[in-house]
Amino acid sequence: MVTLGARDVPGLRRFYRALGWAELPGGDDGRVGFLLAGVLLVLRPAAGTDGAAGGAMLTCTVTGPRQVDSACVAAVAAGATVLAEPADHPEGGRSACVADPEGNRWEIAWAPLARWRTEGGQAPPAAPAAPAPAEPHRAGAELLHDHGASDEVVAAQLVAAGGNGPGWAVETLLCAARTARREGRPEQAVDFLRRALAEPLPPARRGGVLTELGSLEVTLGPADRALGVRHLAESVRLEQSDVSVFKAANALGTALAARGQTSVALEVMEELAERFTGHPELAWAVQVAAALIASHDGHSWLETVDRLRRLAATTPARPAPAVRVLLAEFDSTSGRLSAAEAAAVAREVTVEPLDPFSRTYVLASAATLAQWADELALADRLVTEGLTGHRGPLVDPGYQSLLSVYAESLVMRGRYRELLEACHGWGVLVGPPARPAPSGVGNAHLVAQAVIALTETGRAAEARRLADSVVVDGSHGSWEWNEFLYARGMLSLAEGDPAGALDDLSECGRGQVARQVTSPVVTPWRSAAADCQLLLGRPAAAVALATEELAAARRWGTPRCVGRALRALGTATGGRAGLATVEQAVALLRTAGTDPELIAALAAHGRLLVAAGHLTAARGALREAARHAERIGAGRWCAVVAALLAAAGARRATASQTGAHALTGSERRICALAAQGHSNPEIAALLHLALRTVETHLTNSFRKLGVRRRTELAGRLAAEPAVPDR
């Protein structure tokens with residue numbers, strides 16, 4: 001029994017109840033007890049408790065190193081303060097330290113040898129702790145269940161007990177797993193799902209658990225990933241409904257392709273197609289899923305597209321929307337369609353009724369076409385519809401495509417900070433302790449977008465570390481790998497290494513040509529390579545690349561693509577002709593609604609004006625570029641433009657860091673909600689952010705706006721409207 005003297009028993013009682021701990025019957029705000037798997041915690045008023053007031057170091061032990069982190073996250077979510085982040089110890093083990101609302105310190109510890117920490121030092125290691133008997137954990141699970149403890153608390157006892165549990169054990173474990181996954185604890189969700197498999201389950205139910213478990217495991221480390229593939233394969237072999245087998249096989253094929261086993265993945269899908277010969281909707285969905293899986297390998301991709309064309313030509317009925325939109329994707333990248341034609345296909349297929357099997361694929365492909373065509377509002381709507389309506393595994397190729405469209409759309413608009421926040425949640429970047437499940441782990445395209453965002457915000461060192469951490473793992477020939485090569489090339493160019501950048505960009509180009517991708521709408525590698533050639537003293541090669549890209553961009557027809565190619569050609573050409581070409585690019589990009597290309601064109605315009613001796617005009621163009629760069633947080637361009645302004649004879653200006661216009665997009669959204677009366681936890685829930693992130697943004701916003709209270713926000717925002725994100 002541990003007794004704590006509390007200054008505010010009711011408040012502390014609410015804290016421990018928020019953790020889901022089982023309160024014993026008969027308690028009140030004067031004295032209350034909590035049963036914690038063999039330890040009784042008693043709260044009493046501080047007066048008369050023999051010095052048991054706050055300040056003591058208490059320890060709770062957990063069953064493994066993963067549980068240290070998850071227990072710390074749960075405590076912070078309930079209102080605790082982290083005193084020491086989870087960390088491994090040289091002598092073995094892992095621990096963290098948190099404080100409850102009254103400052104009582106709790107160490108959360110796991111160690112192969114029990115070690116007790118005290119304020120004055122560390123005691124000698126005790127003997128190895130004997131395994132806890134299963135029966136007390138089973139009895140504890142039943143007691144906690146009967147007293148209404150949370151599913152996760154009860155499930156933790158079931159995991160410790162092992163073996164078969166009561167009749168309600170399966171539902172409790174599955175509910176706890178879903179909560180853990182939703183709240184960013186995938187490892188704990190995996191523990192609960194593995195424990196659920198120990199219960200007697202009918203084949204169909206077992207298959208569903210295996211699919212859910214395997215889909216999570218393939219997002220974790222190598223050992224878990226291999227086990228996940230085996231679990232997905234076992235799920236496919238079980239007798240389940242057609243829909244369940246389709247989901248399992250889809251997840252298995254995607255996991256295999258991500259490991260470089262595309263041919264094996266396609267064999268799985270071929271076997272599935274034979275099973276669904278009498279089910280047209282599922283058969284078409286299998287074909288489209290196979291095509292997305294085949295995109296991991298250039299040769300397989302071309303073969304699959306050719307097969308879909310033959311099927312579409314020989315089928316009496318009109319091809320399914322999923323097939324039409326996927327073929328439109330291929331025709332867009334190969335220069336067969338214009339942006340207007342592609343956008344028309346996106347609208348056409350999404351107004352038709354969509355079968356539930358291919359719905360995610362159709363929305364992902366249609367959103368891709370809309371984004372390429374600069375129909376960003378349509379792309380946003382389709383992505384939101386697809387993500388909120390998706391019910392399959394997170395490794396589903398359609399779901400991953402939706403994440404990719406969303407990420408690239410943010411980069412197109414220069415909303416870099418927003419993208420980087422999302423990348424923390426997806427597991428692409430190392431995030432804060434509380435984050436959603438790593439739904440984007442293994443998606444090289446998301447990594448590519450994160451590299452670009454880090455580069456453009458002036459964090460090149462972080463971008464390089466992220467780029468260097470990428471393992472090929474069989475992804476050569478995939479569209480994601482080509483996107484990554486482009487991003488890494490842009491990073492090298494920003495680092496002042498045009499030769500290294502040209503190597504990556506040229507390899508990206510070879511990979512795209514092998515996939516018959518000629519349009520610059522996907523990876524404008526020729527424009528970037530032209531910049532490299534110019535820096536390397538080869539203007540003729542630069543002009544040739546930019547001219548080729550301009551011809552392809554005009555076939556596509558969007559201001560963004562054409563303006564970008566004109567900027568590259570004008571820069572490579574130089575002189576009066578180059579200046580006139582860049583002026584065309586600036587005028588066109590002002591209508592495009594995407595800032596990054598406009599900033600680059602304005603900088604090029606300013607550079608050429610300086611070279612021509614038109615310093616006043618140069619300063620005007622460069623100051624416009626600086627305003628755009630500052631507004632979107634493009635730190636790299638801020639530095640580049642500042643140097644160009646100095647060369648143009650401008651006085652050194654201090655960037656404004658106050659006022660509503662200095663708020664980032666995320667800060668503006670959080671301030672708007674706070675001004676409407678929402679609390680910090682409500683804002684975190686509405687925006688799917690960690691509570692600590694909301695608090696940090698509000699602190700920064702209060703400083704920029706010069707306010708001290710939430711009640712001042714509405715008036716301050718109305719008095720000085722921010723420039724909206726485009």
Side-chain angles (χ1 to χ4, degrees), residues 178 181-184 285 288 292 321-322 325-326 328-329 342-428 435-440 443 445-446 449-450 453 593-594 664-670 672-673 676 678 682-690 693-694 724-726:
R178 293 185 186 107
R181 186 179 103 172
R182 185 175 62 250
E183 295 182 356
V288 175
L292 292 175
V325 73
L326 192 145
E329 272 196 78
V345 173
R347 291 191 182 90
E348 174 189 295
V349 297
T350 51
V351 297
E352 298 181 26
L354 300 177
D355 68 82
F357 312 114
S358 59
R359 179 180 179 276
T360 302
Y361 307 129
V362 174
L363 292 174
S365 290
T368 299
L369 292 176
Q371 177 194 290
W372 289 346
D374 289 356
E375 299 276 356
L376 298 182
L378 174 60
D380 289 345
R381 178 176 65 79
L382 296 175
V383 167
T384 300
E385 188 178 338
L387 291 176
T388 56
H390 180 70
R391 296 294 180 268
L394 296 180
V395 294
D396 179 279
Y399 181 83
Q400 292 297 317
S401 294
L402 286 167
L403 292 184
S404 292
V405 176
Y406 175 57
E408 193 161 342
S409 176
L410 293 177
V411 169
M412 282 172 56
R413 302 174 191 185
R415 288 159 59 175
Y416 303 122
R417 291 192 183 95
E418 191 173 341
L419 171 69
L420 293 174
E421 287 176 8
C423 284
H424 282 290
W426 294 332
V428 174
R435 61 175 176 81
S439 51
N443 188 329
H445 180 261
L446 298 182
Q449 302 312 301
T594 51
T664 67
S666 295
E667 288 169 349
R668 284 199 297 275
R669 282 186 289 277
I670 289 170
L673 290 171
Q676 294 168 14
H678 292 285
E682 288 172 342
I683 295 171
L686 287 169
L687 298 181
H688 306 289
L689 297 173
T693 301
V694 172
D725 281 338
R726 288 191 265 177

Original post:
Atom CG of Leu382 and atom CD of Glu375: how far apart are they, to the nearest 0.5 Å?
Top reply: 10.5 Å
Original post:
Rounded to the nearest 0.5 Å, how far does CG of Leu419 lie from CG of Leu446?
Top reply: 8.0 Å
Original post:
Taking all non-hydrogen atoms of both residues, which atom of Ala343 and which atom of Ala373 are closest, and how far apart?
Top reply: CB-CB, 4.0 Å
Subject >> Considering all heavy atoms, the nearest Ala346-Leu369 contact >> reply: CB-CB, 4.2 Å
Subject >> Atom of Gly386, atom of Leu363 and distance for their closest heavy-atom approach >> reply: CA-CD1, 3.6 Å
Subject >> Between Glu408 and His445: side-chain donor-acceptor atoms closer than 3.5 Å >> reply: yes
Original post:
Which heavy-atom pair separates Tyr416 from Ala453 by the least distance, and what is that distance?
Top reply: CD2-CA, 3.8 Å
Subject >> Minimal non-hydrogen separation, Pro321 against Glu352, with atom names >> reply: CG-OE1, 3.4 Å
Original post:
Using 4.0 Å as the upper bound for N to carboxylate O, is an ion pair formed by Glu418 and Arg413?
Top reply: no
Original post:
Would you say the side chain of Gln676 lies within less than 4.5 Å of the side chain of Glu682, judging by non-hydrogen atoms?
Top reply: no
Original post:
If you measure from CG on Leu402 to CG on Leu387, what distance do you get to the nearest 0.5 Å?
Top reply: 5.0 Å
Original post:
Strictly by modelled atom types, are Glu421 and Ser666 linked by a side-chain donor-acceptor pair under 3.5 Å?
Top reply: yes
Original post:
Does a donor on one side chain sit under 3.5 Å from an acceptor on the other, for Ser365 and Glu329?
Top reply: yes
Original post:
Once you round to the nearest 0.5 Å, how far does CZ of Arg417 lie from CG of Leu410?
Top reply: 13.5 Å
**OP:** Please round to the nearest 0.5 Å and tell me the distance separating atom CD of Glu385 and atom CG of Asp380.
**Re:** 12.5 Å
Original post:
Who pairs with Thr360 by side chain to side chain donor-acceptor pair (under 3.5 Å), at least two apart in sequence or on another chain?
Top reply: His390
Original post:
Which heavy atom in Ala450 sits nearest to a heavy atom in Leu420, and how many Å separate them?
Top reply: O-CD2, 4.0 Å
**OP:** For the pair Ser409 (side chain) and Val405 (backbone), establish whether a donor and an acceptor sit closer than 3.5 Å, ignoring hydrogens and angles.
**Re:** no
**OP:** Taking the side chain as every heavy atom from C-beta outward, state whether Val694 and Leu687 have any atom pair closer than 4.5 Å.
**Re:** no
